[in-house]
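Heads up: the structure comes next, in structure tokens.
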Amino acid sequence: MKCQDLLKQLNEYVDGTLDPSVCEEFEKHMAGCNPCQVVVDNIRKTIMLYKAGEPYELPAAFREKLHAALRQKWKETHTPE
Amino acid sequence: MSDDRAALTDDGVLVRQARAGDMAAFEELVRRHERAVFSLARRMLQNEQDAEDVTQQTFLSALEHLRNFREEASFYTWLRRIATHAALKIIRKRRGLDTISLDAATAPDENDHIPHPEYIADWRATPESLARRNETRRLIEEALGELDDKHRVVFVLRDVEGLSVRETADVLGLSEANVKVRLLRARLQLRERLTRLFGDPDRRVAREEHAH
Ligand SMILES: [Zn+2]
């Protein structure tokens, strides 16, 4: 396996869905190739950082507007008999 | 609605109550999911105003089509699908105005060369400690904003929202192979960007070492 072949399998490797025989080759390459090791580690950290991202708060003015629009729509669609 | 009821009732029950005409139940559903919907839209669109539009459209549409919601999926899964489609519509509209880039942006990218990593270095800090800094949030959002729309949308669904490749393909109407290629490009581009920001220059690996 060459560095370029390793790149192609990167998704499957970090997601843990790589075929075991390919995984073995992948790890054999990494053991002898520091740059690939670091790239894989960088990718894992990149994903972790985005996964750890907190949700955004709604701007207060927008939140009010949203809830008012929903109440309005509710009234329109739920008119009493 | 009392806080007790809010905390204890699951989404499925609230949906049934809302269908039966209970507005408070619907409002509780909105309160639970409005931040997630807004964040998804904001990350996909990189624009606060557009994210607000998508959020409002999503909940208005949910209100109108509540009876179409099938309970085998979670309520948020349903909202996410509505929000994603609304966001894609905005992306397409933007591209429509920018006709020159349209073809370039949708040209097949499945078989071309995968960009080789350029800046390779161990990071100076762990993701956990980086994640605690406010500065990091701004930097990673900026990096996300530099991706092509088609790569960013896939990355947000797969790696931020945590959908599987198959679910991502399903929501976007793409093949799994297509999702995988776009995801790889997104991940490599973000790695490149973030490693330039967070990598330790003293531990940079020279590119020549990485040519075999
Ligand atoms: Zn290598």
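Chain identifiers are assigned alphabetically (A, B, ...) following the order of the sequence lines, protein sequences preceding nucleic acid strands; residue numbering begins at 1 within each chain.
- Summarising the geometry, atom CG belonging to B:L190 is positioned 8.5 Å from atom CD1 belonging to A:I43; distances are rounded to the nearest 0.5 Å.
- The greatest number of non-hydrogen atom pairs below 4.5 Å with chain B, out of A:K73, A:M48, A:Q37, is found for A:K73.
- The neighbour count for A:E64 CD, taken as heavy atoms of other residues, nucleotides or ligands under 6.0 Å away, does not exceed 12.
- A:Y56 has its side chain within reach of B:R43: a pair of non-hydrogen atoms, C-beta onward, lies under 4.5 Å apart.
- Taking OG1 of A:T77 as the reference point, atom CE of B:M23 lies at 10.0 Å (rounded to 0.5 Å).
- Partners of B:T136 under the side chain to side chain contact (heavy atoms under 4.5 Å, CB included) rule, at least two apart in sequence or in another chain, are A:L49, B:L130, B:R133, B:I140, B:F198.
- When every heavy atom of B:G162 is checked against every heavy atom of A:K51, the shortest pair comes out as CA-NZ, 4.3 Å.
- When side chains are defined from C-beta on, B:E27 does not count as touching A:L70, because their heavy atoms never get closer than 4.5 Å.
- More than 12 heavy atoms of other residues, nucleotides or ligands sit less than 6.0 Å from atom CZ of B:R138.
- When side chains are defined from C-beta on, A:H78 does not count as touching B:F26, because their heavy atoms never get closer than 4.5 Å.
- Contact check for B:V30 versus A:H67: side-chain heavy atoms found under the 4.5 Å cut-off.
- By the ring pair (Phe, Tyr, Trp, His ring centres under 6.0 Å) test, B:F69 pairs with B:F75, B:W78, sequence neighbours left out.
- Interface residue A:A52: only side-chain heavy atoms are found under 4.5 Å from chain B.
- Minimum heavy-atom separation, B:L188 to A:L7: CD2-CD2, 4.0 Å.
- With a threshold of 4.5 angstrom between heavy atoms, B:R187 approaches chain A through its backbone and through its side chain.
- B:E52 and A:P59 get closest at one heavy-atom pair: OE2-CG, 3.4 Å.
- The most heavy-atom pairs under 4.5 Å with chain A, out of B:A36, B:G21, B:G199, come from B:G21.
- In terms of heavy atoms, A:W74 sits closest to B:A18 at CH2-O, 3.3 Å.
- Between A:P35 and B:I120, the shortest heavy-atom distance links the atoms O-CG2, 3.7 Å.
- Here the shortest heavy-atom pairing between B:R137 and A:P55 reads NH2-O, 3.7 Å.
- Contact residues of residues 8-21 of chain A toward chain B are A:K8, A:L10, A:N11, A:E12, A:V14, A:D15 (heavy-atom distance under 4.5 Å).
- Counting heavy-atom pairs closer than 4.5 Å to chain A, the top residue among B:E34, B:E48, B:E64 is B:E34.
- Geometrically, A:R63 does not engage B:F38 in a cation-pi contact defined by less than 6.0 Å to the ring centre and at most 45° from the axis.
- A:K45 contributes no side-chain N or O that, together with a main-chain N or O of B:T126, makes up a donor-acceptor pair within less than 3.5 Å.
- With a 4.5 angstrom heavy-atom cutoff, A:N42 touches chain B via backbone and side-chain atoms both.
- Every side chain to side chain contact (heavy atoms under 4.5 Å, CB included) that B:R70 has, sequence neighbours left out, goes to B:E72.
- Heavy atoms closer than 4.5 Å to chain A are found nowhere in B:A51, neither backbone nor side chain.
- The most heavy-atom pairs under 4.5 Å with chain A, out of B:E192, B:R203, B:R193, B:R158, come from B:R158.
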